Amino acid sequence: MTLILVGVILLVVSYVAGLTIYRPVLLTAVAAIITGTILHVRSVKRQSKY
């Protein structure tokens, strides 16, 4: 969950600061969001009975 929040905050800050032309900043934010989502889904699946 925290990786998702970090990614979202990084995206918002980059848009507000006008850093949208820098791909590493955007890719880092997207990678954090995707990684956080995958880890969250894996955690929920482990806690589930199915």
Side-chain angles (χ1 to χ4, degrees):
M1 185 71 173
T2 57
L3 276 176
I4 297 171
L5 291 176
V6 168
V8 169
I9 290 170
L10 187 57
L11 277 178
V12 169
V13 168
S14 69
Y15 278 109
V16 168
L19 299 174
T20 56
I21 60 171
Y22 297 109
R23 288 184 191 232
V25 174
L26 298 178
L27 291 177
T28 302
V30 170
I33 293 170
I34 291 172
T35 304
T37 303
I38 290 170
L39 291 175
H40 177 73
V41 168
R42 286 180 62 193
S43 144
V44 168
K45 279 190 172 185
R46 281 189 183 161
Q47 294 175 359
S48 176
K49 294 181 180 180
Y50 296 103

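Only a predicted model underlies this, so the values are computations on that prediction, with no experimental measurement involved.
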* Identify the two heavy atoms, one from G7 and one from A29, that lie closest to each other, and give their separation to 0.1 Å. => O-CB, 3.5 Å
* Backbone N/O of L39 and side chain of S43: donor-acceptor pair under 3.5 Å -> no
* Asked: Hey, quick one: are V8 and Y15 part of the same hydrophobic cluster, counting side-chain heavy atoms closer than 4.5 Å, chains of contacts allowed?
  -> yes
* Structure fact -> So OG1 of T28 and OH of Y22: to nearest 0.5 Å the spacing works out to 14.0 Å
* Asked: L19 and V16: same hydrophobic cluster, using ILVMFWY side-chain contacts below 4.5 Å?
  -> no
* To do: Any chance you could pull the hydrophobic cluster mates of I34, using side-chain heavy atoms under 4.5 angstrom and chaining through other members?
  => V30, I38
* Taking the side chain as C-beta and beyond, is there a heavy-atom pair between I33 and L10 under 4.5 Å? -> no
* Output yes when a side-chain donor or acceptor of S14 lies under 3.5 Å from a complementary backbone atom of L11, and no otherwise. => yes
